[in-house]
Amino acid sequence: MEKPKISILGIGYVGLCTAVGFASKGYNVIASTHDAEKAAKINKGIQPFHEPNLQKLLEETIQNGNLTCLTNQTEKAVLKTDLTFNAVGTPSRPDGSINLQFIETSTRDIGQALNQKRTYHVVVVKSTVVPGTTHDLVKPILEKESKKKCGSDFGLCMNPEFLRQGSAFEDTMHPDRVVIGEYDKKSGDTLENLYKHFYGKDIPPTIRTTLSTAELIKYASNSLLATKISFINTIANICEKIPGADVKIVATAMGLDKRIGPLFLNAGLGYGGSCFPKDVKALIAYSKNLGYRLELLESVENVNKTQPLKAIQFCKDQLGSLTGKKIAILGLAFKPDTDDMREARAIPIINQLIKEGANVTAYDPVAIPLAKTIFKNKIQYAASTIECLKNADCCILVTEWEEFKKLTPEDFIQNMKQPILIDGRRIYNPKEFSKKLKFAAIGLGS
Ligand code: UGA
């Protein structure tokens, strides 16, 4: 089979990983973005954000010509290819509902290009969109702009993405499942054949369904994962009131039950990032519109709102007033292996510390440049863990980077003014640490 040519609109985590994934297997991929700076970087083979295992393949695919990135040239990208993945962003509106503005404008551009196309083309929505969007918004725009009929003249699918930042490329190449929402059989067959060819014998279980079901699968998946996190954080909060209880052991034992599973049961300071907070909010707003109040997810959100502030309470329990106290923050990114600060739990924690009059010094292996755009000169930025700990009254571990896991009690004792450590991600052994320094941790009963 001749490899179809692929265009990708939007070059965030999903767009870029999909682009590099296909290009690395010999497909001809044309990406298009509105961001000229990003496109220039990509065309030089430089990844525009921190993401492990992507850089080398990006460089290779740019050099061998399999991948090119255009700026604002959707029409050219669509005309030169057979199938278009739309992976533009779908941010939140102030009320939490989804903002589909980029989907609308990019779909209009695709439609105008389709008007000039003489061959069959499949449009695939990869962005996270609420149920009904592909059928009720994308399809009519495509038909209006192209003056063609969906199904007979061009194809339409909804194909959600389940990659995690920090392991985004690995997840793209080895997903647990492929979900294909299809407008009609021909559209679905075309996309499934592409994936069959792409993954070969390793093709993951593939679910073919309606456009709306595919859209809902994405929201239901992210909402359940967020629910697992808020659930275990709730159990952590109970553990703290029970002498000798430890949420880590509770979670390990729970996870051995096959019906529960061990993943996404790490108690901590809550979930952040560009997906869970946004998607939970969007599903709540969408459901409210349908006349159904999603109380369960409202609670999930509420738990996540208060959870990071527990770090402040722990601090105050140890230090009393925080005015003038030096607090060391280890980790700023919303999770390890990314420089992304969107909805990072470090933000509410640091803002509250500043409000309480503390002097904050923070260190993160990669997120400091982005953090500077948020906190400006309201906090100090350290160049290393040890510099961050120097003379601190208390340290809060916010993001569980690998290098922080290697720290010993002596590192804290030798560098801090008073060795008080709050483990917000449960990476330290409580027995070892509480013997040698003042130690508090999420979900640990004292
Ligand atoms: C999440 C989903 O895991 C992906 O499947 C999905 O494709 C993606 O959103 C998306 O919608 O695009 P991501 O936000 O990159 O991926 O990262 P996660 O690994 O899911 O972590 C999200 C947040 O949950 C982080 O702040 C992390 O610290 C927190 N978390 C995760 C916990 O607090 N406890 C856990 O056990 C797991």
Side-chain angles (χ1 to χ4, degrees), residues 10 12-18 49-52 87-92 98 126-130 159-172 174-179 214-236 247-248 250-252 254-255 260-283 300-301 303-304 307-308 310-311 331-349 364 367 397-401 404 423-427 442-443:
Y13 287 89
V14 173
L16 189 58
C17 289
T18 309
F49 39 73
H50 180 88
E51 181 61 45
V88 298
T90 49
S92 298
I98 190 170
K126 232 183 195 318
S127 313
T128 301
V129 292
V130 290
N159 171 221
E161 183 56 60
F162 303 100
L163 60 81
R164 292 158 300 171
Q165 286 176 226
S167 52
F169 189 67
E170 177 61 21
D171 289 349
T172 305
H174 306 284
D176 290 340
R177 76 292 211 190
V178 169
V179 173
E215 289 162 333
L216 187 56
I217 288 169
K218 168 73 186 207
Y219 280 99
S221 302
N222 274 2
S223 297
L224 179 65
L225 293 171
T227 303
K228 275 186 106 174
I229 298 168
S230 279
F231 178 83
I232 201 67
N233 285 339
T234 307
I235 299 298
V247 72
K248 254 193 121 160
V250 176
T252 305
M254 282 172 65
I260 297 173
L263 304 178
F264 280 73
L265 283 181
N266 294 323
L269 295 169
Y271 59 80
S274 63
C275 307
F276 290 171
K278 168 175 89 77
D279 293 350
V280 169
K281 276 191 187 75
L283 192 57
V300 167
E301 245 207 320
V303 170
N304 201 53
Q307 193 65 12
K310 294 196 54 198
L332 292 163
F334 85 93
K335 63 183 273 190
D337 291 325
T338 179
D339 59 353
D340 201 327
M341 287 289 301
R342 283 176 287 181
E343 299 277 344
R345 299 299 80 191
I347 298 173
I349 293 171
D364 187 285
L397 183 289
V398 178
T399 313
E400 67 278 31
W401 284 91
F404 300 148
D423 182 356
R425 295 288 174 186
R426 296 304 312 267
I427 62 172
I442 293 288

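In this text, all values refer to a predicted model and were calculated from it rather than measured experimentally. Hydrogens, waters and symmetry mates play no part in the numbers below; they use all other heavy atoms, side chains included. Every number for a ligand or one of its atoms is a count from 1 in the order of the listing.
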Exercise for review: Could you give me the CA-CA distance, side-chain angles and deciding distance for F276 and N304, then say whether side-chain contact (heavy atoms from CB on, under 4.5 Å) is met?
Suggested key: CA-CA 10 Å; F276 290 171; N304 201 53; over 6 Å; no
**Study point:** Heavy-atom pair of closest approach, residues P160 and A214
**Key:** CG-O, 3.6 Å
Exercise for review: May I ask you to check if R177 and F162 form a cation-pi contact, with NZ or CZ under 6.0 angstrom from the six-membered ring centre and within 45° of the axis?
Suggested key: yes
Exercise for review: State whether the side chain of K126 and the backbone N or O of V14 hold a donor-acceptor pair below 3.5 Å, judged by distance alone.
Suggested key: no
Anything under 3.5 Å between an N or O on ligand 1 and a protein N or O? List each pair with its distance, or write none.
unit_1, atom_1, unit_2, atom_2, d
ligand 1, 5 (O), F162, O, 2.8
ligand 1, 7 (O), E161, O, 3.4
ligand 1, 7 (O), F162, O, 3.3
ligand 1, 7 (O), L163, N, 3.1
ligand 1, 7 (O), L163, O, 2.7
ligand 1, 7 (O), K218, NZ, 3.3
ligand 1, 11 (O), K218, NZ, 2.7
ligand 1, 11 (O), N222, ND2, 2.7
ligand 1, 12 (O), K218, NZ, 3.4
ligand 1, 15 (O), Q165, N, 2.7
ligand 1, 17 (O), K335, NZ, 3.2
ligand 1, 19 (O), K335, NZ, 2.7
ligand 1, 26 (O), G272, N, 2.9
ligand 1, 26 (O), F334, O, 2.9
ligand 1, 33 (O), R425, NH1, 3.3
ligand 1, 34 (N), N266, O, 3.0
ligand 1, 36 (O), L265, N, 3.4
ligand 1, 36 (O), N266, N, 2.9

Review point. If only atom types and distance count, is the side chain of D171 paired as donor or acceptor with the main-chain N or O of R164 below 3.5 Å?
Key: yes
Point to revise | side-chain hydrogen bond (donor to acceptor under 3.5 Å, both in side chains) partners of D423, counting only residues at least two apart | key: none
